[in-house]
Amino acid sequence: MAKKPWEFPKAVLSFRRFLRRRFLGGRHHHRPTSTTATGVAIPPADKLHNQTVMVDLESWLLRSPMSTFPYFMVVAIEAGSFLRGLMLLLIYPLFWLLLSHDMRLKAMVMVSFFGLPKKEVVRIGKAVLPKFFLEGMAMEGLEVVRNAKKVVVVSALFPRVMIEGFLKEYIGVNAVIGREVIVVAGRYVGLLVDDIEMDDGGFVEEVMEETKSGKGDGAVGLAGVGSKMHHLFSRYCKFIGSTRNSAILTQKTYAVCDADKNEWQPVPREKYPKPLIFHDGRLAFKLTPCAAVAMYTYLPWGIFLAVFRSLAFGLLPYRVSIPLAAFTGMRSRLIAGPSLDATRRDNGAVGGRLYVCNHRTLLDPITVAAGLNKPVTAVTYSVSPVSELIAPIRTARLTRDRDEDRRRMEALLARGDLVVCPEGTTCREPFLLRFSPLFAELTGEVTPVALETRVDMFYGTSTKPAAKWLDPFYFMMNSRPEYHVEFLQPVSTTPVDGEVDGHGHSINAANRVQRVLGEALAFELTEQTRKDKYKMLAGNEGNVKGEAKK
């Protein structure tokens with residue numbers, strides 16, 4: 001029989017089937033029969049009320065369940081190094097072509113985890129990965145989980161150390177079940193345990209015992225079509241019927257397929273179960289394979305840009321360095337307020353002016369000085385000695401002793417303009433931390449400065465003491481970093497009607513300045529402090545080496 005001209009050769013078709021098996025991970029796009037699941041994509045809210053729900057993380061909470069590479073790249077780079085991340089990127093195509101799905105997962109765990117301290121990986125799971133998981137979360141899956149009384153999340157693709165911090169801290173689940181990575185002498189050896197560990201404080205076993213004894217209703221399962229979780233859910237999920245002449249029981253498990261998930265939407269930031277105020281890490285974007293290739297290709301040029309921009313701001317006057325930085329892609333926007341010097345002359349004020357700004361990066365005081373085009377002094381709470389040495393403006397370290405810090409700031413303000421960031425630490429997200437009120441006791445009027453930054457690759461902040469001196473360089477490494485500076489109307493810090501001069505009045509004045517900045521930036525005000533940030537992200541109070549604890 002003659003071959004039709006439009007038919008593909010059998011060898012080509014076979015190769016196509018081989019690629020589909022590798023790149024789709026052997027997934028089957030068919031709906032389950034009624035004996036294994038209800039066949040309903042989204043369970044009604046009333047069906048989950050006061051129920052214990054077991055959820056397949058990859059199938060129900062994440063929109064792209066098979067794309068685990070970006071999350072392992074975060075672990076490789078943030079807990080390891082850029083060199084380890086490059087190794088994973090180079091080997092990853094071979095994993096896809098030559099290994100089965102389970103072997104590919106084990107290989108990525110080996111490359112990402114081998115030799116890393118357990119303490120550091122746990123920190124990355126709590127401080128860095130939640131941002132990326134929240135950005136990849138599905139709104140429809142989250143709504144289902146919110147309706148349940150108790151939630152147990154199960155993952156077959158992620159080690160438990162990578163997901164536990166995100167699920168318990170931001171989703172509020174009761175237990176997390178996942179695979180474990182073997183630890184020897186406090187470091188990971190990179191070997192993944194085959195069985196899913198039930199290290200959940202006995203919560204799941206309690207549900208199982210209640211189901212067997214008939215005291216409890218059991219659990220409702222939320223899995224994916226073709227998911228490996230059906231065999232696990234069958235042990236814990238409740239039964240909804242049986243036949244008189246048969247011992248066959250039907251488990252109540254809702255299954256969702258990839259076709260249904262194609263229409264699922266990401267979770268808007270304002271609808272996160274818990275606000276994402278703090279997060280750590282250098283990476284500001286999702287490291288898909290293509291994005292990772294682009295980053296490593298750009299990295300040598302980014303290092304050159306960082307050095308060039310830093311030298312320009314450190315050695316050249318602002319009227320030259322700012323246009324030069326703009327030529328390299330660094331954008332800045334200045335919104336000037338009233339003529340502050342003229343105002344002070346009319347009021348007969350002496351000494352310098354106090355500028356109060358929110359804290360985005362270590363470059364904030366330098367940006368304020370560039371906007372004013374004159375020298376200023378910046379007070380610092382906890383900055384590395386290297387950062388103080390290379391700073392192009394004068395800096396003065398505070399001691400965290402209230403009386404001593406007040407004397408130092410008054411002396412600095414008498415000699416010239418002073419810039420202070422009363423939050424005491426940087427915040428990347430659109431939130432303002434609680435303001436320390438000390439600045440409100442120094443002068444009767446302050447000038448708020450609203451600062452906003454944007455980056456496309458790297459964050460210019462970190463909670464790692466050893467890496468904090470690199471913060472400005474990481475910001476400068478971005479291809480198009482942005483700084484918006486707005487000088488606002490001066491705000492009085494003198495007591496208003498009914499207030500008594502003292503510490504209470506300074507707190508109220510600090511709150512007024514915080515509100516003014518929050519309105520100008522459209523940021524949300526919080527009561528979070530520097531200690532809260534460092535306890536959450538680093539497990540300490542943020543003291544730099546050489547700084548006394550108070």
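- Under the side-chain hydrogen bond (donor to acceptor under 3.5 Å, both in side chains) criterion, Ser332 pairs with no residue, sequence neighbours left out.
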Derivation of the side chain to side chain contact (heavy atoms under 4.5 Å, CB included) call for Met137 and Ile171: CA-CA 11 Å; Met137 194 165 51; Ile171 309 299; 3.5 Å; yes
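- Around the CZ atom of Arg331, the shell of radius 6.0 Å holds more than 12 heavy atoms that belong to other residues, nucleotides or ligands.
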Between Val154 and Leu57, does a side chain to side chain contact (heavy atoms under 4.5 Å, CB included) hold up when you go through it step by step? CA-CA 6 Å; Val154 187; Leu57 171 67; over 6 Å; no
Which is it for Arg282 and Glu78 under the side chain to side chain contact (heavy atoms under 4.5 Å, CB included) test, yes or no, and what are the steps along the way? CA-CA 7 Å; Arg282 295 296 189 184; Glu78 300 290 1; 3.9 Å; yes
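- When only modelled atom types and interatomic distance are considered, Ser59 and Lys261 share no side-chain donor-acceptor pair under 3.5 Å.
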Residues Tyr170, Tyr272; criterion side chain to side chain contact (heavy atoms under 4.5 Å, CB included); working and verdict: CA-CA 8 Å; Tyr170 289 91; Tyr272 283 173; over 6 Å; no
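- Every residue was checked against the side-chain hydrogen bond (donor to acceptor under 3.5 Å, both in side chains) condition with Lys271, not counting sequence neighbours, and none meets it.
- Listed by chain and residue number, Asp102, Asp194 satisfy the salt bridge (Lys or Arg N to Asp or Glu O under 4.0 Å) test with Lys106 (two or more places apart in sequence, or in another chain).
- A side-chain donor from one of Asp364 and Tyr483 sits under 3.5 Å from a side-chain acceptor of the other.
- The number of heavy atoms from other shown groups lying within 6.0 Å of NZ (Lys126) does not exceed 12.
- Between Glu519 and Arg515 there is no salt bridge, since no side-chain N of the basic residue sits under 4.0 Å from a carboxylate O of the acidic one.
- Between Phe158 and Phe133, the distance from one ring center to the other falls under 6.0 angstrom.
- Between Asp280 and Arg123, at least one side-chain nitrogen of the basic residue sits less than 4.0 Å from a carboxylate oxygen of the acidic one, meeting the salt-bridge criterion.
- The 12-atom threshold is not exceeded at CZ of Phe114, counting heavy atoms of other residues, nucleotides or ligands nearer than 6.0 Å.
- Ion pairing between a basic and an acidic side chain is recognised when a charged N comes within 4.0 Å of a carboxylate O; Glu120 and Lys464 show such pairing.
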